[in-house]
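What you see is a predicted model; the values in this text were computed from it and never measured. Residue numbering restarts at 1 for every chain, and letters A, B, ... go by the order of the sequence lines.
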Number of protein chains: 2
Amino acid sequence: MTKLRFALAQIDTCVGALKGNADKVLEYASRAASNNAQVVVFPEMTLTGYPIEDLALRRTFRQAAWDTANDLAQRLADDGLGSLYVVVGTVGTEHSTQKPYNRLVVLHDGVVWAGYDKHFLPNYGVFDEFRIFASGDRSVTMDIDGVRLGFAICEDIWQEGGPVADFAERNIDVLVTINGSPYEEGKTDTRLQLCRRRAAEVGAPVIYVNQVGGQDDLVFDGGTFVVDADGTLLERSPMFVEDLSYIDIDSAAATQKPADIAPEMDPDGEVYTACVLGLKDYMVKNGFNGVCLGLSGGIDSALVATMAADAVGGEHVQGISMPSMYSSEGSKDDAAQLAENLGASYDVQPIKPEFDAFQKQLDLEGVAAENLQARIRGVIVMAYSNSKGLLALATGNKSELACGYSTIYGDAVGGYAPIKDVFKTKVWQLSRWRNKALKEGLGLGALPVVGYDPNAEGVVPASGELIPNNSIVKAPSAELRPEQKDSDSLPEYYILDKVLTAYIEHSEGRADLLAHADFDEQTVDTVMRLVDRAEWKRRQYPLGPKVSALAFGRDRRLPVTDAFRE
Amino acid sequence: MTKLRFALAQIDTCVGALKGNADKVLEYASRAASNNAQVVVFPEMTLTGYPIEDLALRRTFRQAAWDTANDLAQRLADDGLGSLYVVVGTVGTEHSTQKPYNRLVVLHDGVVWAGYDKHFLPNYGVFDEFRIFASGDRSVTMDIDGVRLGFAICEDIWQEGGPVADFAERNIDVLVTINGSPYEEGKTDTRLQLCRRRAAEVGAPVIYVNQVGGQDDLVFDGGTFVVDADGTLLERSPMFVEDLSYIDIDSAAATQKPADIAPEMDPDGEVYTACVLGLKDYMVKNGFNGVCLGLSGGIDSALVATMAADAVGGEHVQGISMPSMYSSEGSKDDAAQLAENLGASYDVQPIKPEFDAFQKQLDLEGVAAENLQARIRGVIVMAYSNSKGLLALATGNKSELACGYSTIYGDAVGGYAPIKDVFKTKVWQLSRWRNKALKEGLGLGALPVVGYDPNAEGVVPASGELIPNNSIVKAPSAELRPEQKDSDSLPEYYILDKVLTAYIEHSEGRADLLAHADFDEQTVDTVMRLVDRAEWKRRQYPLGPKVSALAFGRDRRLPVTDAFRE
C-alpha cells in the first residue's frame with residue numbers, strides 16, 4: 001500500500017493538564033479512526049501543553065508526563081485504536097541529571113515508540129527553550145504501510161540544516177511537523193512560504209499541524225495546513241478553533257489530491273479574534289465564568305467589553321460606570337448604551353464620596369489627585385471581582401502602556417488585559433471592523449460568536465452600531481481634570497503609533513528615528529523619554545533583592561499548574 | 001621582571017550608564033596607578049553594567065558601548081595612564097547579524113586590545129545569557145612584564161572544560177577572572193572552594209574580582225579575593241562596598257605574599273546588609289531620595305523601615321500608620337515607637353472614613369471587605385509616593401508572598417519589596433540580629449550605617465531595642481477582622497517555612513514532601529495548594545494576548561535604561 005490517510009488534529013491543550021490533554025487525544029484519535037485515518041497528528045507538546053517553561057525542570061512533572069504517555073498508549077489499544085499511529089508531543093525524560101528533551105513520540109499497538117527530539121531550540125522573543133531543553137541530534141523517519149514519514153518539531157523547519165537538511169537526502173514521502181507557533185499579525189503567509197521552501201527542499205509534501213488556543217499571554221491560531229512538494233496548498237484548517245481535517249498522501253503519485261481549504265481571514269478580524277480567544281481561554285483554563293470592568297464611555301473599555309461579550313456572552317459581562325466630577329454626560333450615555341447593546345450588566349458607582357473622604361485627609365493636587373480618582377475606581381473594580389468571583393479586565397492599550405499613560409493600581413488594575421498589545425490606532429480600526437462585522441454578518445472566522453447571532457432578528461442595535469460611534473470618533477480623554485485630552489500629554493496617536501512601532505518593535509535608535517521624514521525631533525525625544533520611563537515603571541513591582549540560591553522572588557515563574565500537583 | 005602588582009577594583013556599575021561607568025573606571029585606574037599597580041582588574045561587563053538582558057540585542061547600544069571602550073582607552077592615555085593595563089568587561093560587537101559576545105578587553109597605550117569572549121553562558125536561575133550572547137571559543141593569555149595571565153569570565157570557572165582546562169596545559173602564572181556573581185546565602189564559601197580547585201588545576205594563583213551593588217532585583221556582594229596555587233587565601237576584599245585592593249604576583253616565587261584579608265561576616269548580617277544595599281542602590285540608580293511605607297506595628301513593616309533607615313537615613317523614611325477598627329492599641333504604639341527610634345517621619349491616617357464611604361456603596365463582606373481595608377491603605381501609600389516623590393515600599397515577606405497571603409493592590413503596593421525573598425522565620429532572626437548589632441556596635445560589615453553611629457552617645461533607644469521587642473514576639477496578624485491571626489489561614493511559620501523551602505527551593509514533589517518526618521499530609525497539601533494558587537495570581541497582571549511579532553506586552557523587559565538613550 002502506498003496511500004496513507006492522515007488526520008490533522010488541531011487541538012487546544014492546557015499547560016500542566018496531563019490528564020485532560022490525554023483525554024482529548026483519545027477523543028480525537030477515536031474520531032480520526034472512525035473516519036478511516038491511519039495516522040493522526042497532534043501539535044507540539046500535546047500531553048504537557050505548551051509552553052511549559054520551568055515546569056520542564058521539575059522532575060516529578062517529567063515523570064508524570066512519561067506515565068501519561070504510557071497510559072495513553074494502553075488506553076488507545078484498550079479502545080481498539082492500537083493499529084492507529086498517534087503522533088503526539090511531550091517532554092522527553094532523560095537518563096541523567098541533564099535537561100529533558102522536547103520530544104515527538106508515536107503511540108501504536110499499546111506502546112510508546114522511540115521518538116524524535118527537537119533539534120533547534122528557539123531562544124528569542126517569547127521563547128526560552130535553551131533554558132529548559134537539551135537539543136536532539138538525530139533525525140528520525142518512520143515507514144508506515146510503505147509511506148516514509150520524516151519528523152520535525154516547529155523551530156526545526158525555521159532554521160537551515162538539522163533534520164530537514166538530512167531528509168533532503170533521504171527520500172521521504174512526507175514531512176510531518178508538529179508545532180506550537182504563537183499567533184502574530186501576518187504570520188499565516190510567512191508559514192506558508194516557509195513550508196513551500198521546505199517541501200521543495202525535501203521533495204515531498206509537508207504537513208504542518210499547529211496548536212490552537214490561548215495560554216496565558218500567548219495565543220495559538222492553529223491554521224494547520226498541507227502543501228504539496230511543488231508548493232501547491234492542499235489543505236488549510238480554519239484559524240482560532242479546534243479542528244480535525246484529513247489529507248491522503250499517496251507516495252506513488254506525482255501530485256497529491258487537494259482537500260478542504262478554509263478561506264483566509266480579514267487582517268483586522270484575525271487580530272480581533274485572537275484577542276477574543278486569548279481572553280476566552282484564559283477564563284476557561286483559570287476557572288472564571290464572568291468578567292468585570294470599568295466602562296468609561298471611551299473606546300478602550302468599549303472594545304474590551306465587546307471582546308468579552310464575544311468571548312463569554314454579554315450576560316457574563318459586568319460593566320461599571322464610575323463617573324467623577326469631570327466625566328462628561330456624553331461619556332456616561334455612551335457607556336450605558338454600550339452595555340445595553342451587549343446585554344451586559346451595568347452599575348453606576350459615582351466616586352465622589354470616596355474621593356471626598358480621601359481628600360479630607362490627604363488634600364492632594366495635580367497628578368496625585370488624578371491618580372487618586374483612577375485608584376478609587378481600581379478598588380471598586382476589585383471589590384466586584386472579589387465579591388462576585390469575576391475576572392477584572394484592564395482596558396489599557398499598547399500606546400498608553402508604552403508611554404506610561406495610565407495609573408498603576410488604578411486603571412491598570414486587572415487580571416487580564418485583552419488589548420495590551422494593540423496600538424490605539426488599531427483599537428479604533430478593530431472597533432470599526434467589529435461594527436461592520438455585525439452589520440455584514442461576518443462573524444469571527446470560525447470562532448463561535450457567543451454574544452450575538454448576526455443572523456438573528458433584532459440583534460443589531462437600532463443605531464446599527466454595536467459599539468457607539470461616538471466612542472469611536474470623540475477625542476480621547478482620561479477625564480481626570482476639566483477639559484483634559486490625551487493630546488495634552490502625548491503626541492497625536494496617528495504619529496505616536498508610528499514612532500512606537502519603530503522604536504519598540506523595530507529597535508530603531510534615535511538617529512534612525514530622526515531619519516523618518518514624518519518624525520520631528522521633539523516628538524522623537526518625547527516618545528523615547530516616555531517609553532524608557534514607562535519601561536522602568538512597569539518592572540517596579542515585584543522587584544526586590546534575591547538572597548537565596550533558588551528563586552521565588554524572581555520574575556520567572558511556572559506556568560499555570562492548577563492541573564498538576566505532584 | 002617577574003613581579004606584577006594587580007589592583008582589584010570591586011566597583012558598583014549601573015546598567016546602561018556607559019559614561020558613568022567609564023568615568024568610574026578612570027577614577028579607580030588613576031588611584032591604582034598612584035599606588036604603583038601595573039594591572040587593574042574590573043568586574044564583568046564593567047562598561048555596560050550587568051546584567052544587560054535584551055539591551056544586548058539593541059544595535060545602537062552595542063555601538064555606543066564600543067565607542068565608550070575606545071574613548072576610555074584614549075582618555076586613560078591622555079591622563080598619563082597609557083602604560084597601565086586596564087582589564088574591563090563590555091559587550092563585544094559582532095561583524096554579522098549574529099549575537100554579540102560577553103567580552104573582556106584590555107585597555108593599554110590608548111587602544112582597546114583584542115579581548116577574550118566568555119565561553120560558558122549561564123542560562124539557569126536568574127541567568128539568560130544564551131538568549132543574548134554568542135559563545136566564545138578561544139582561550140586567551142597575555143604576557144605582561146614576564147608574567148603570563150590567563151583570562152576567564154565568571155561562568156567559565158563554574159563549568160568543567162573551556163578556557164580553564166586549556167590553561168592547565170599552558171603554564172600560566174595567574175588566572176584572572178572577572179565576575180558578575182549575584183549574592184546568595186552561603187555563596188562566599190562556595191566561590192572560595194571553587195577557586196581553590198581551579199588554582200590547583202591551572203597550578204597558579206587565581207584572582208577573582210566581583211562587582212558590588214544592587215541592580216534591580218539582584219544584589220552583588222563583591223567579596224573579591226585571591227587564592228594561591230596551593231589554595232591559601234591571599235586576599236579578601238570586604239563585602240557590599242566598593243573597594244580597591246592590591247596583590248603582588250611574583251611568577252618566580254613558589255608561594256605568594258598574602259595581602260589584606262577582610263573578616264568574614266555573620267550570616268544574618270550578610271543577608272540583612274544585602275537587603276539594605278539592594279534597596280539603597282535601587283534608590284540611587286532610579287533617582288529616589290526617600291521612601292514611604294505603611295507601619296502596622298507588625299514585624300515585617302518594622303524590619304523594612306529599619307532597613308530603609310540604614311539605607312538612606314531615618315529622616316528620609318516616611319512611616320504611615322493606617323489603623324482600622326481592628327487595629328490593636330499595642331500595634332499603634334509599636335509603630336509609633338519604631339518611628340521614633342528610627343528618627344522617621346510618622347503620620348497617622350485612620351482608614352475608617354474611606355472604608356465607610358466605600359461600604360455605603362458596595363456593602364462588602366468577608367474577604368472582599370478585608371481586601372478593601374488593605375486597598376484603601378494602598379491608595380494612601382501611593383498618595384504619599386505621588387505627592388512627595390517617595391519610593392513606596394512593599395513589606396511582604398517570602399512566606400506570605402509564596403502562599404498568596406496578601407492583598408493585590410493592597411499591602412502588595414510598592415515599587416520595591418526589600419524582604420520579598422526573606423522567609424518569615426528569617427524576618428524574626430534578622431530583626432533580632434539588627435537589635436543585637438546596635439547594642440554590640442557590630443555595624444553592617446563595611447557598608448556605612450546611614451541611620452546610626454552605634455558609637456555615638458544617646459543613639460541606642462532607652463529600651464535598648466531599635467525594633468520594639470513586642471513587634472518581634474507577638475503573634476503575627478493582618479488585623480483585618482477581630483482576633484484574626486495568620487495561623488487561622490496558614491500553618492505555623494516554623495513548619496511552613498520548612499515546607500516552602502523543600503517545595504519551592506528544592507523542587508520536591510508531593511511524595512518527597514511526605515517523606516519528611518515532620519511534615520504531615522494536611523500541611524503538605526495545604527501548602528502545595530496555596531503556593532500553586534499564589535503562583536498563578538502573581539503572574540496575572542500584566543497578562544494579555546500578544547498579537548504582534550516583536551514584544552512589548554511580553555514579560556521580558558529591558559533593564560533600567562535611564563542612562564542610555566540612543
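- Between A:D356 and A:K360, no side-chain nitrogen of the basic residue sits less than 4.0 Å from a carboxylate oxygen of the acidic one, so the salt-bridge criterion is not met.
- Per-residue counts of heavy-atom pairs under 4.5 Å with chain A were compared for B:L372, B:I376, B:L393; the largest is that of B:I376.
- The structure places OH of A:Y416 at 9.5 Å from CG of A:L391, a figure rounded to the nearest 0.5 Å.
- Counting heavy-atom pairs closer than 4.5 Å to chain B, the top residue among A:Q63, A:K187, A:E354 is A:E354.
- Using a 4.5 Å cut-off between heavy atoms, A:I351 does not touch chain B at all.
- Both the backbone and the side chain of B:P350 come within contact range of chain A, with heavy atoms under 4.5 Å apart.
- Comparing B:A357, B:A392, B:G366 by heavy-atom pairs within less than 4.5 Å of chain A, the highest count is held by B:A357.
- A distance of 11.5 Å separates NZ of B:K352 from CD of B:Q373, quoted to the nearest 0.5 Å.
- The choice from B:L500, B:L364, B:D221 that makes the most heavy-atom pairs within less than 4.5 Å of chain A is B:L364.
- Both tests pass for B:R58 against the ring of A:Y503: distance under 6.0 Å to the centre and angle within 45° of the axis.
- B:D347 does not touch chain A: none of its heavy atoms, backbone or side chain, sits under 4.5 Å away.
- Contacts between B:P182 and chain A at a heavy-atom distance below 4.5 Å are absent for every atom of the residue.
- For A:F423, no part lies under 4.5 angstrom from a heavy atom of chain B.
- Heavy-atom pairs under 4.5 Å with chain A peak, among B:Q361, B:E270, B:K426, at B:Q361.
- Separating the OG1 atom in B:T501 from the NZ atom in B:K398 is a distance of 7.0 Å, to the nearest 0.5 Å.
- Note: B:F130 CZ to A:R131 CZ = 13.5 Å, rounded to the nearest 0.5 Å.
- Ring orientation note: the planes of A:Y183 and A:F240 are nearly perpendicular, at an angle over 60° on the 30°/60° scale.
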